[in-house]
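Quick note: numbers below take in every heavy atom, side chains included, and nothing from hydrogens, waters or symmetry partners. Per chain, numbering begins at 1; letters A, B, ... match sequence-line order.
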Number of protein chains: 2
Amino acid sequence: MKIDPDSNAALSAQIAKAIRDAIISGALIVDERLPSEAELAEHFDVSRPTIREALKRLAAQSLIRTQRGAFGGAFVRHLSYEDAREQLVTTSTLLLSMNDISFDTACEARFALERACAPMTAARREPAQLAIMRREIKRQSEADLTDEAFCASDVAFHRALVDGAQNPVLSYQLSGSIEAMQPLMNMITFTARSRAEIVEIHTSILDAIVARDSERATEILEQLERVTKRLAHSVMDAKAVAIAKKEKPEVAQVSAE
Amino acid sequence: MKIDPDSNAALSAQIAKAIRDAIISGALIVDERLPSEAELAEHFDVSRPTIREALKRLAAQSLIRTQRGAFGGAFVRHLSYEDAREQLVTTSTLLLSMNDISFDTACEARFALERACAPMTAARREPAQLAIMRREIKRQSEADLTDEAFCASDVAFHRALVDGAQNPVLSYQLSGSIEAMQPLMNMITFTARSRAEIVEIHTSILDAIVARDSERATEILEQLERVTKRLAHSVMDAKAVAIAKKEKPEVAQVSAE
DNA sequence: AGACTTTTAAATGTCTGACAAATGAAAATC
DNA sequence: GATTTTCATTTGTCAGACATTTAAAAGTCT
């Protein structure tokens, strides 16, 4: 592991990369203890704060965990699905919010992925996921639900649909896509009529899966994609009109203290 | 932004979280400059090294970039597709290598996702991606190709298939899945016969897309999934026999460099 | 006045040295 | 033998300092 002090990259970044590569290549295995900060500092011929900055970078990526005390130190971390999912959601959310992706593009991607799951979910038809889907449909029918709670339930329903495929890799990949869209979905105000429409579609999806009719499930998902896009457009059009009436359109702002 | 010094979590982690939340919530917008390290240190009532560790955590997640010099500092970073893709590949690769996921599970997920793209790729039929697919098929037919080069070409072919859907969100999500599988695919030794079979399948996929026949494309992708699994199994069985002959079977290892 | 050079201030990158806090092992004590 | 205490090790944090980079501002020359 050679570090070039003349490189433009910060030393801590170079060291982080060296260790990261060692982990990815398998030279450092899970739960293995890294040398102490002092030893690493000597090895790379830098000071301890520099080593610490490098380790913090790795910790931010969930590659290592640190433990204080004698026999403590930095350990290669076992990356769980939950950790990976969390990172994926963060990254996806930022990607969507920073790259002015159209609602249609995000929506299209999401439903394409869900349609990929549907046949597997139908084939396996896990009772646990079917129960969740039933529960969420029931919840979505409650009249006094806030828009936000309706959205959350919608996410739960679709996650169950994806988890029903019983493939953890697929669940990991797709939950990011679905959750990252939640902020976009939250912009939509669901009228009583559109809620009823969505509940009906969800019910049809569940029925199709119970019946192991994957083609029908796929078709209905296509329908849901169209409905979702239509709803979003009507909301956005209304907003555009409202803005045009008041003043020059500004960049959408999210207020925060 | 309140920091609790009595919390178990390290101060630098708490501060990183506070700033991260501000970025995700939109309180800090792209290219906005954060206060200097000295100012942040005063604001959070901690020392500069602690602030620096927090900033390094954010830098590792591509949330900020730093610039030296007067009027330098930490800036909220515009997260590009390429940055996001890189992070996704790293995370996915580690996830696959650390959670002893069966080849079949990873394979199933990958092809389910690709099948989701195929109809869109067929509908849009972009010349650029079709050209890449043709080029890679040609390359895969070359007899003197190493197994690794064959795999790389395979990845390029499938990436073109995904990119052909002309949906950047989808490309982002799927390229991670495909690239993360490459180490697993590299375990396979492709015989001349299996290569011919794959080239034929790739050709059929391309034909189906050119013909805008999405159903046929989907069917052939299903076939490719079966073939890939069969190939992998034959390799793994051979290895298992070899190990059984020599000694007690160990946990399956992927040899590196 | 305009173009070029030099200065300078502000910011990050790094180092040294130190102390606090946690933690498990070993030693001491009952 | 069981419990308590001590202790060494390691991370977490702090303070202060210097080096390096960078762009704006001031100065200088044509």
Side-chain angles (χ1 to χ4, degrees), chain A residues 1-20 23 28 31-78, chain B residues 1-20 23 28 31-78:
Chain A
M1 303 191 196
K2 276 289 163 59
I3 301 303
D4 175 15
D6 297 333
S7 164
N8 280 330
L11 289 177
S12 65
Q14 292 179 58
I15 292 166
K17 180 166 171 16
I19 299 175
R20 179 163 41 240
I23 294 174
L28 295 168
D31 286 335
E32 185 170 340
R33 182 179 171 282
L34 271 64
S36 73
E37 294 177 357
E39 286 169 330
L40 286 172
E42 195 180 4
H43 181 285
F44 287 110
D45 199 28
V46 295
S47 70
R48 198 163 74 100
T50 301
I51 290 290
R52 282 184 61 78
E53 287 179 12
L55 293 180
K56 293 314 150 203
R57 294 175 118 107
L58 299 177
Q61 294 183 305
S62 303
L63 291 182
I64 61 169
R65 68 189 150 79
T66 56
Q67 202 176 327
R68 288 188 14 175
F71 297 80
F75 297 83
V76 178
R77 189 165 168 189
H78 177 94
Chain B
M1 304 191 197
K2 276 289 163 57
I3 300 303
D4 175 16
D6 298 332
S7 164
N8 280 331
L11 289 179
S12 66
Q14 293 179 56
I15 292 166
K17 179 166 170 17
I19 299 175
R20 179 163 42 239
I23 293 175
L28 295 169
D31 285 335
E32 185 171 338
R33 182 180 171 281
L34 272 63
S36 73
E37 294 176 356
E39 286 168 328
L40 287 171
E42 195 181 3
H43 181 286
F44 287 110
D45 199 27
V46 296
S47 70
R48 221 188 110 205
T50 302
I51 290 290
R52 280 184 64 77
E53 287 179 11
L55 293 180
K56 293 313 151 205
R57 288 175 190 264
L58 299 177
Q61 294 183 305
S62 304
L63 291 182
I64 60 169
R65 68 190 150 78
T66 56
Q67 203 175 328
R68 276 163 64 149
F71 297 78
F75 298 83
V76 177
R77 188 165 169 188
H78 178 95

Q. Do A:Arg48 and D:dG12 share a donor-acceptor pair, side chain to base, under 3.5 Å?
A.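 For A:Arg48, whose side chain was compared with the base of D:dG12, there is a donor-acceptor pair (under 3.5 Å).
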Whole Å only: how far is the [atom1] atom of [X] from the [atom2] atom of [N]?
X	N	atom1	atom2	answer
A:Leu34	D:dT11	CG	C1'	13 Å
B:Ile15	D:dC14	CD1	C1'	13 Å
B:Glu53	C:dC15	CD	P	14 Å
B:Gln14	D:dT13	CD	C1'	13 Å
A:Leu55	C:dT14	CG	P	14 Å
A:Leu40	D:dT9	CG	C1'	15 Å
A:Glu39	D:dT9	CD	C1'	11 Å

Starting the side chain at C-beta, find the nucleotide from [options] nearest to [X].
X	options	answer
A:Glu37	D:dG12, D:dT13, C:dT14	D:dG12
B:Ala70	D:dT11, C:dG24, D:dA23	D:dA23
B:Arg68	C:dG13, D:dG12, D:dT10	C:dG13
A:Thr66	C:dA10, D:dC14, D:dG12	D:dG12
B:Lys56	D:dA8, C:dG13, C:dT14	C:dG13

Q: Go through the side-chain N and O atoms of B:Gln61 and B:Arg20 and say whether any donor and acceptor fall under 3.5 Å apart.
A: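 On atom types as modelled, these side chains qualify, holding a pair under 3.5 Å.
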Q: Taking all heavy atoms of B:Ala54 and all of B:Ser12, pick out the closest pair and write down the distance.
A: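 That closest heavy-atom pairing would be CB-O, 3.3 Å.
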Q. Which heavy atom in A:Phe44 sits nearest to a heavy atom in A:Ile51, and how many Å separate them?
A.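 Reported closest heavy-atom pair: CD1-CD1, 3.9 Å.
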Q.
Under 4.0 Å from OP1 or OP2 of C:dT12: is there any side-chain N or O of B:Arg52 that close?
A.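 Answer is no, no contact under 4.0 Å.
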Q: Please state whether the phosphate of D:dG12, meaning OP1 or OP2, lies under 4.0 angstrom from any side-chain nitrogen or oxygen of A:Gln67.
A: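 Indeed not, no polar side-chain atom of A:Gln67 lies that close.
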Q. So what does B:Arg33 touch, heavy atoms closer than 4.0 Å: a base, only the sugar-phosphate, or nothing?
A.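 Sugar-phosphate, backbone atoms only, no base.
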Q) When the nearest nucleotide of DNA chain C is assigned to A:Thr50 and to A:Phe71 on a heavy-atom basis, which residue is associated with the more 5' position? A)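 By nearest-heavy-atom nucleotide position, the 5'-most residue is A:Thr50.
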Q. Does some side-chain heavy atom of B:Thr50 sit less than 4.5 Å from a side-chain heavy atom of B:Glu37?
A.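 Of all side-chain heavy-atom pairs linking B:Thr50 with B:Glu37, none is under 4.5 Å.
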Q. Heavy-atom count around B:Glu42 CD within 6.0 Å, excluding the residue itself: above 12?
A.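 Result for CD/B:Glu42: open.
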